[in-house]
Structures are given as structure tokens and as C-alpha cells.
Engineer: 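This is the structure I have questions about; it appears just below.
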There are 2 protein chains.
Amino acid sequence: MTINTKDAKPYHHGNLKHALLTAARRLLETEGHSDLSLRKCANAVGVSATAPQNHFANKAALLTALATQGYAELATYMRQGIDEHADRGTRRKAALLGYVGFAQDNPALYELMFARDRVASNDPELMRHVGECFVILADISKAFGNFEGEINKVEAKQQMFVWSLVHGYAQLLTANRFKKSDMLEMNILDIIPDLRG
Amino acid sequence: MTINTKDAKPYHHGNLKHALLTAARRLLETEGHSDLSLRKCANAVGVSATAPQNHFANKAALLTALATQGYAELATYMRQGIDEHADRGTRRKAALLGYVGFAQDNPALYELMFARDRVASNDPELMRHVGECFVILADISKAFGNFEGEINKVEAKQQMFVWSLVHGYAQLLTANRFKKSDMLEMNILDIIPDLRG
DNA sequence: TCGTCATATGTACACTGTAAACTTTTTCTT
DNA sequence: AAGAAAAAGTTTACAGTGTACATATGACGA
């Protein structure tokens with residue numbers, strides 16, 4: 001029973017699921033992955049410790065939702081780079097810069113997106129967005145490198161080559177595995193040899 | 001006071017640190033990263049729950065030690081490939097196959113080795129072995145790709161290119177991000193375009 | 001023989017994920 | 001409009017976890 005209708009906190013949050021996800025995401029990037037807990041998320045949103053259970057079956061479900069969000073945004077980052085340009089070569093470069101930019105903007109989330117253990121990799125919604133990224137990568141990978149063989153195999157190789165390269169670069173960059181002196185004024189485009197296409 | 005000297009368990013383990021590391025490594029690959037706990041390691045070795053504290057300041061220290069072991073073995077995998085052959089091109093290929101082979105043999109450990117959060121990346125022993133891998137990669141990266149610029153920059157680019165490519169491939173492979181149909185009878189060498197050198 | 005020190009144990013505590021029972025609010029049916 | 005059903009909160013409970021701290025044990029040199 002609510003007396004003061006002005007500033008009384010409602011029993012039902014309204015959009016707790018979304019609020020938990022944004023809180024989780026902030027905690028993930030600020031506190032780090034190992035300090036992220038459901039209870040902290042609940043606390044940040046101002047709700048009881050077990051309220052998240054109504055929206056996420058378990059912690060893995062929340063992490064999976066976070067990862068799914070990540071893939072969706074990664075696609076957006078790439079598409080934005082693509083949409084800004086007209087010709088194939090420039091679009092490709094923009095998409096690659098967008099990919100790495102996403103990883104740099106969300107390093108902890110990016111790591112989570114490729115964690116074998118913490119996310120449920122059989123989640124259909126997750127895999128849908130993974131596939132979305134894959135399609136974009138497939139598109140910008142066409143006519144990349146001088147691979148040989150039948151067309152299907154060549155396209156698969158081009159795609160795997162580009163994704164391996166950009167993913168490896170993004171992760172080694174955000175994990176600080178490159179020498180700092182080497183990184184001066186360098187980006188992903190600098191480490192791609194001038195291939196035909 | 002030990003009465004039965006035959007099968008009485010000694011109070012001091014003897015080499016608990018080493019035993020904990022091997023137990024941790026087994027648990028890491030079998031149970032998965034998120035189910036690895038110090039207490040389980042202690043239990044697996046048959047020692048009290050807090051005994052590990054005498055050998056590892058905290059859990060991060062144990063994980064860091066695991067990652068350090070990982071880099072040392074990764075270097076061994078690559079060197080083995082290198083030592084088996086004479087000419088530069090074949091050695092390079094063997095080293096790359098060795099790199100990916102290590103990741104496939106130890107997927108959970110490999111992921112840990114690039115985790116931003118769980119390992120203390122300022123550990124000197126860890127970084128020594130990271131550097132060891134970097135040197136090997138630098139060696140096999142020479143004369144790779146048609147990069148341009150001054151020699152130092154070119155070598156840095158070659159190195160970053162090769163490491164990005166092989167790391168990205170290894171992780172995407174072990175994280176099941178490639179289409180299975182594309183992976184049929186394919187390996188890291190198939191996705192490297194035929195560059196000069 | 002006796003301290004000293006490394007190495008083990010036991011206890012304690014705050015924090016975590018999750019299950020279960022309960023309460024409050026909304027929504028749907030009639 | 002009323003009441004049942006469902007949705008979305010709360011509280012309580014419990015087994016595990018990392019870690020701090022006090023204590024016990026044994027190895028070993030002085």
C-alpha cells in the first residue's frame with residue numbers, strides 16, 4: 001500500500017532485467033570480471049540479493065546475455081565503419097578499425113565474449129549475433145589474400161584469416177602483450193601486409 | 001609422533017607447491033576455469049583447505065604460476081617444431097603448428113594465459129616466459145609479408161602480424177567460433193596467404 | 001638438546017550462487 | 001468489479017569460496 005505516491009519506491013522495479021545488465025556491464029569494466037557478482041549488481045540497482053533470479057536462471061545466463069549484447073554492439077561498430085564509406089577497400093579498413101575500437105572500448109566484455117567457460121555457447125540468441133558478426137566479416141574478407149583452391153574453401157580461408165588476424169590483434173592489444181614501444185602510432189591496418197584486393 | 005612408519009602420511013607434504021600446480025592444472029582442463037578453487041586443489045592433494053596459503057599468497061598467484069607454466073610450455077611446443085627441421089620456411093610452419101597444437105592440448109590454460117583479470121601481469125617470472133615466446137615468434141616472423149618502412153618498424157609489424165594471426169586462430173578454434181564445416185582438414189597454414197619469404 | 005623456522009592444521013568470517021517459501025503487485029478471466 | 005493466476009519482488013537458509021589469524025608439528029642447524 002503506497003501512501004506517498006510521489007517518491008515511494010515501487011515494489012516492482014519496472015525493468016529490472018535491463019537495469020541489471022547495465023549495472024553488470026559497468027561493474028565488469030570498472031571492477032573487473034572476477035569482482036562481478038550477482039549480489040553486487042542487485043545492490044547497485046537497489047534490489048534484494050535474490051531478485052536477479054527472476055530474470056536470469058543463473059550467473060552464466062547473465063554473462064551470456066552480456067556477451068550477446070557485446071556481439072550485437074560489435075556488429076554495430078563494424079557496420080558504422082562500413083556505412084561511412086563507399087568503396088570496398090575503405091569500407092574494409094573502416095570495419096577493421098571499428099572492430100578493434102570496440103575491443104578497446106570494452107576490453108573486459110570483449111574477453112568475456114570469447115570465454116569458453118563462462119558463457120553458454122549453445123544459446124541461440126548469442127549464436128545469432130555471433131553469426132551476424134560472421135556475415136559482416138565474411139563480406140569484408142572477400143578478395144583478401146592470394147589463397148588458392150575451390151571458391152568455397154577460398155572464401156572460408158579468407159574469412160578465417162581476417163577474423164583470426166583482427167581478433168588476435170584486438171586481444172593481444174587489450175591484454176597488453178605487445179611491446180609499448182612498438183605500438184606508437186600503429187593500428188590494425190599497419191600490420192596487414194598489402195595484399196591484392 | 002608417528003607410530004606406523006610404513007604408511008603413515010607425513011605431516012609435511014614434501015613438494016606441495018608442485019603438487020598443487022599439477023592438481024590445479026588438471027582441474028582447470030577437466031572441470032573448467034570457473035569450477036577451479038584453491039580448496040578443491042588442496043582436497044585433491046589431500047591437504048587441509050588453507051595449506052595452499054603457505055605457497056601462494058592468493059588465488060591470483062596460483063593462476064599466475066599456472067599461466068607462467070603455460071608460456072614456458074608454449075615455447076617448448078614451438079621450439080620442438082623448430083628443432084625438427086633445418087630450413088627457415090619449414091621451421092616456421094612447424095613452429096606455428098606447434099603453437100596451435102599447444103592451445104588445442106590445453107584450451108583452458110591457453111585462455112587463462114591471456115586473461116586480463118585473473119593473472120598478475122606484472123609478475124616478472126611470467127613476463128620472462130612471455131618474452132621467451134615473443135623472441136621465438138620474432139625469429140620465425142622475419143621476412144614475413146611485404147611490409148614497408150624502416151627496418152625496426154617492419155620487424156615489429158611482421159611480429160605483431162604473425163602473433164595476432166596465430167593467437168586469433170588458436171583462440172577462435174578452441175572457442176568453437178569457426179564453422180565446423182570450414183574446419184575439415186584445415187590448419188593454421190591453410191589460412192596464411194602465400195607471402196614472400 | 002634446543003630453539004627457529006618452514007610448513008602444516010583449525011577456526012573464523014565475509015562474501016558468493018542458488019534453492020525454497022513467502023509477500024506484494026499486476027494481469028487476466030469471468 | 002471480483003477474484004484467481006501469474007509475475008516479480010522479499011526473506012531465509014545453506015553449502016562453497018578466499019583469506020586472515022592463531023596454533024600445532026616436524027626438520028635442522030647451533
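Numbers restart at 1 for each chain; the letters A, B, ... are given by sequence-line order, proteins then strands. The structure presented is a predicted model; accordingly, all values stated were derived computationally and were not measured.
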Engineer: In terms of the angle between their ring planes, are B:His33 and A:His33 parallel, tilted or perpendicular, with boundaries placed at 30° and 60°?
Structural biologist: tilted

Engineer: Give a yes/no on whether any side-chain N or O of A:Thr50 is located under 4.0 angstrom from OP1 or OP2 of D:dT10.
Structural biologist: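 Indeed not, no polar side-chain atom of A:Thr50 lies that close.
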
Engineer: Return the value, rounded to whole Å, for the distance between atom NZ of A:Lys40 and atom C1' of D:dT17.
Structural biologist: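 The answer, rounded to whole Å, is 14 Å.
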
Engineer: Tell me whether the rings of B:Phe134 and B:Trp163 are parallel (<30°), tilted (30 to 60°) or perpendicular (>60°).
Structural biologist: perpendicular

Engineer: Starting from P on D:dC14, measure out to CD on A:Gln53 and report it in whole angstrom.
Structural biologist: 16 Å

Engineer: Between D:dT17, D:dT10, C:dG17, which one does the side chain of A:Ala51 approach most closely?
Structural biologist: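 Shortest atom-to-atom distance from the side chain points to D:dT10.
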
Engineer: Please work out which of the three classes, parallel, tilted or perpendicular, describes the rings of A:Tyr169 and A:Phe178, given edges at 30° and 60°.
Structural biologist: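 Plane angle between 30° and 60°, so tilted.
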
Engineer: Quick check: on DNA chain D, is the nucleotide nearest A:Ser48 upstream (toward 5') of the one nearest A:Arg39, or the reverse? Name the residue that is more 5'.
Structural biologist: A:Ser48

Engineer: What's the CG-P distance between A:Leu16 and D:dA7, to the nearest Å?
Structural biologist: 16 Å

Engineer: Taking only side-chain N and O atoms of B:Ser37, does any of them lie within less than 4.0 angstrom of OP1 or OP2 on D:dT17?
Structural biologist: yes

Engineer: A:Asn58 has a side chain; which of C:dT18, D:dT17, C:dT7 sits nearest to it?
Structural biologist: C:dT18

Engineer: Could you state the atom-to-atom distance from CG of A:Asp35 to C1' of D:dT17 in whole Å?
Structural biologist: 14 Å

Engineer: Give the rounded distance in Å between these two atoms: CG of A:Asn43 and P of C:dC15.
Structural biologist: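 Computing the A:Asn43:CG to C:dC15:P distance gives 11 Å.
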
Engineer: OP1, OP2 of D:dA7 versus side-chain N and O of A:His55: anything below 4.0 Å?
Structural biologist: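 Checking D:dA7 against A:His55, no side-chain N or O comes under 4.0 Å of OP1 or OP2.
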
Engineer: Where is the tightest heavy-atom contact between A:Asp190 and A:Glu185, given as atom of each residue plus distance?
Structural biologist: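 Result for this residue pair: OD2-O, 3.9 Å.
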
Engineer: If I take atom NE2 in residue A:His18 and atom P in nucleotide D:dA8, what distance separates them, rounded to the nearest angstrom?
Structural biologist: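 Roughly 16 Å, once rounded to whole Å.
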
Engineer: Below 30° counts as parallel, above 60° as perpendicular, anything between as tilted: where do the rings of A:His167 and A:Phe114 land?
Structural biologist: tilted

Engineer: Out of D:dA13, D:dG18, C:dT9, which has the shortest distance to the side chain of B:Leu38?
Structural biologist: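 Nearest listed nucleotide: D:dG18.
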
Engineer: Given atom NE2 of B:His33 and atom P of D:dT17, what is their separation to the nearest angstrom?
Structural biologist: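 B:His33 atom NE2 is separated from D:dT17 atom P by 13 Å.
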
Engineer: How is A:Lys17 classified with respect to the nucleic acid when contacts are heavy atoms under 4.0 Å: base, sugar-phosphate, or nothing?
Structural biologist: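 It contacts nothing in the nucleic acid.
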
Engineer: Given atom CZ of A:Phe56 and atom C1' of C:dA19, what is their separation to the nearest angstrom?
Structural biologist: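 Taking CZ of A:Phe56 and C1' of C:dA19, I get 19 Å after rounding.
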
Engineer: For the side chain of A:Val47, counting heavy atoms from C-beta on, which of D:dG9, D:dT19, C:dA8 is nearest?
Structural biologist: D:dG9

Engineer: Nearest to the side chain of B:Asn54, heavy atoms from C-beta on, is which of D:dT10, C:dT7, D:dG18?
Structural biologist: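 So the nucleotide nearest the side chain must be C:dT7.
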
